[in-house]
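Have a look at the structure below before the remarks.
By convention in this document, chain letters (A, B, ...) are assigned in the order of the sequence lines, proteins followed by strands, and residues within each chain are numbered from 1.
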Protein chains: 2
Amino acid sequence: MVAQVRRFNRIVTQRVGALNDRYLSRDRPLGEARLLWEIGAEGRDLRSLRARLGLDSGYLSRLLRSLEEAGMVTIGPNQSDRRIRTARLTATGVAERAVLDRRSDDLAASLLAPLSPSQRTRLVGAMADVERLMTAAMVEVAAVDPADPRAQSCWHAYFSDLNRRFGTGFDPARSASVPEEEVRAPAGGSLRFRGAGRAEIKRMWVAESARGLGVGRRLLGELEAHAAGHGARSVRLDTNSALTEAISLYRSAGYSEVPPFNDEAYAQHWFEKPLSAPPGSRTARS
Amino acid sequence: MVAQVRRFNRIVTQRVGALNDRYLSRDRPLGEARLLWEIGAEGRDLRSLRARLGLDSGYLSRLLRSLEEAGMVTIGPNQSDRRIRTARLTATGVAERAVLDRRSDDLAASLLAPLSPSQRTRLVGAMADVERLMTAAMVEVAAVDPADPRAQSCWHAYFSDLNRRFGTGFDPARSASVPEEEVRAPAGGSLRFRGAGRAEIKRMWVAESARGLGVGRRLLGELEAHAAGHGARSVRLDTNSALTEAISLYRSAGYSEVPPFNDEAYAQHWFEKPLSAPPGSRTARS
DNA sequence: TCCATTCTCTGACCTTAGTCAGAGAATCGG
DNA sequence: CCGATTCTCTGACTAAGGTCAGAGAATGGA
């Protein structure tokens, strides 16, 4: 298995990856091309560009200067906070971005072109599998401040998800609020300590694109381990009967249904699971 | 479909590719690491290194100098042609290469580690599919000199393949020899003109690793188009009855069995296919 | 034997992609 | 209003990766 993964890494990432980069950076350096892409039609604040592309602020500044000189972007202050500056594409920039877009399409199409229709279907399906499974494999569980933009986007996705699935809709204001959180890009959950060796899990959620890959189970396990590490001897949680996958996840993870322990407006099921003491205090393996 | 391919290109090649590179180039620049890898345990001529890695000769020279100073390689003249120099790994170099090897394994293993056994199986299967289909899609059909190393390696693989499959073994000397060739890495075939609007295909072969992907059909089509472009109005070929896939390929490509037209020692079947005139003379689309 | 070619190396350059330490403007919290 | 913090920019620097034009040694072909 490892040999197959290595072969894949070598062939696909090196060959196709290099092809990809060279395609994109025909006229301009790759860094600039990526930046042009990331600014998008709407424009974007520099800080968000830095976060997305992982660039040094000095470096970003220089890259933008060079795009500005080429007449591709303009940079102006943000109205609400004038320390922040916003980059916007000019008409030339938009056109250039469209060229990059078309090149990406062309490259993708040229990969498919030599194949028969059934091979194309197989390739695209296999690509989707690889992408999903790799994404799942690369998920790291980490605690994040609820004010973090990643956490924020989780909240939004989570609430709109609930709103869609609950027969009655979902209004965050009617639900119990949550003080401490643990969230990351495609999934999140929060843990709340309630004294007397009891912890409560709230707001656990996995993005639609990452479902069916065991991410929920991993997240649940991490939250339990975290709770156990802080002395909790049991975890409780409540959920809505519309969330059937969640309910079966809880059951299969060793939770058993208990009588209501709170008055959460949207809950129809309450679960509890005893925790075994953590092995030592901080010997969990990565 | 194109959208899925683009997403794959972006996410998988960029993310995993970058991870891969960073893993490999922990202590030394990526270029040196790749070079160390490519020299291999046996040593290798500089010209072949340049060809493999696509490096400028000056650049390669400098990279090697740096590895030489680090005590990883020695460079000496080739015995048969003293203009050519051969790079060889020292004991230190071999050890370093083993470290790189282990890192590659570790990276691959770490991608699999977070997944459940069934997910691993699915991921590895999907990777194999992507790899094979992409390889097939990137095959270019091109004429190559038979002295070219790629062609040479095809000959060897081809002959040992036949030797394995023919009940009687295969001795190239007993088979008709071939003067003009058209071959490339995972597949090859040669075309021979016999006057009177007739062409003959010999030595058509597809590497085992590329079979089942339509490469043979594409190659056959290209050879026919080439023949038609040179005025041939039919193509003939002979084959051995052990090569069942080849025979069914020929049949499905419109060849019909004809009486023996030569005395090839290893042939039991002879085929012919009429060609339609090429559309214009050189308007074939790429 | 001699001339053209092949192969490697050296020196002089260049771009890309970064990093780091401030400086200066704007904002926030009290 | 003041001091701390946040955000961007500038200048100074670095490493990696690469290109180009010869020079010099070895070889091949006439």
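Spacing between atom CG of Leu60(A) and atom C1' of dT10(D) amounts to 14 Å, rounded to whole angstrom units. Atom-to-atom, CG of Leu49(B) to P of dC9(C) comes out at 11 Å; the value is rounded to the nearest Å. The OH atom of Tyr59(B) sits 6 Å away from the C1' atom of dA16(D) (whole-angstrom rounding). Taking atom CG of residue Asp21(B) and atom P of nucleotide dA17(C), one finds them 14 Å apart after rounding to whole Å. Note: CG (Leu35(B)) to P (dT8(C)) measures 13 Å, nearest angstrom. To the nearest angstrom, P of dT8(C) lies 14 Å from CD of Glu68(B). The CD1 atom of Ile84(B) sits 10 Å away from the P atom of dT27(D) (whole-angstrom rounding). dT8(C) atom C1' lies 11 Å from atom CG of Leu64(B), rounded to whole Å.
When all heavy atoms are compared, the tightest approach of Arg97(A) to Trp37(A) is NE-O, 3.1 Å. Between Met127(B) and Met134(A), the closest heavy-atom pair is CE-CE, 3.2 Å. A pairwise comparison of heavy atoms in Gly43(B) and Thr86(B) identifies C-CG2, 4.5 Å as the closest pair. The heavy-atom pair separating Ile39(B) from Ala87(B) by the smallest distance is CG2-O, 3.6 Å.
Between the Asp45(B) side chain and the Ser48(B) main chain, no donor and acceptor come within less than 3.5 Å of each other.
Judged purely by distance below 3.5 Å, without hydrogens or angles, the side chains of Ser66(B) and Glu32(B) pair a donor atom with an acceptor atom.
Axis deviation across the helix from dT1(C)-dA30(D) to dG30(C)-dC1(D) amounts to 20°, comparing end segments of five pairs, rounded to 10 degrees.
Within 4.0 Å of Arg50(A), counting heavy atoms only, lie sugar-phosphate atoms of the nucleic acid but no base atom. The residue Arg62(A) sits close to a base: some heavy atom pair falls under 4.0 Å. Among the protein residues, Arg34(A) comes within range of no part of the nucleic acid, since none of its heavy atoms lies under 4.0 Å from any strand. When heavy atoms are screened at a 4.0 angstrom cut-off, Leu30(B) is found touching the sugar-phosphate backbone but no base atom. Within 4.0 Å (heavy atoms only), Leu63(B) reaches no atom of the nucleic acid at all.
Along DNA chain C, the nucleotide closest to Gly54(A) and the one closest to Arg28(A) are compared, and the more 5′ of them pairs with Arg28(A).
Using a 4.0 Å cut-off between charged nitrogen and carboxylate oxygen, Asp81(A) and Arg47(A) do not count as a salt-bridge pair.
Separating the CG atom in Leu60(A) from the CZ atom in Arg52(A) is a distance of 14.0 Å, to the nearest 0.5 Å.
Nearest nucleotide to the Arg47(B) side chain, out of dA12(C), dT8(C), dG18(C): dT8(C). Comparing dC7(D), dT10(D), dT8(C) against the side chain of Arg65(A) picks out dT10(D) as the nearest. Comparing dG18(D), dC9(C), dC7(D) by their nearest atom to the side chain of Ser61(B) picks out dC9(C).
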I'd like a list of close polar pairs between nucleotides 21-28 of chain C and the protein, N/O only, cut-off under 3.5 Å.
unit_1: dT27(C); atom_1: OP1; unit_2: Arg82(A); atom_2: N; d: 2.7
unit_1: dT27(C); atom_1: OP2; unit_2: Arg82(A); atom_2: NH2; d: 3.4
unit_1: dT27(C); atom_1: O4'; unit_2: Arg83(A); atom_2: NE; d: 3.4

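Heavy-atom neighbours of Arg34(A) CZ from other residues, nucleotides or ligands within 6.0 Å: above the threshold of 12. Enclosure of atom CZ in Arg22(A) is not indicated, since only 12 or fewer non-hydrogen atoms of other residues, nucleotides or ligands lie within 6.0 angstrom.
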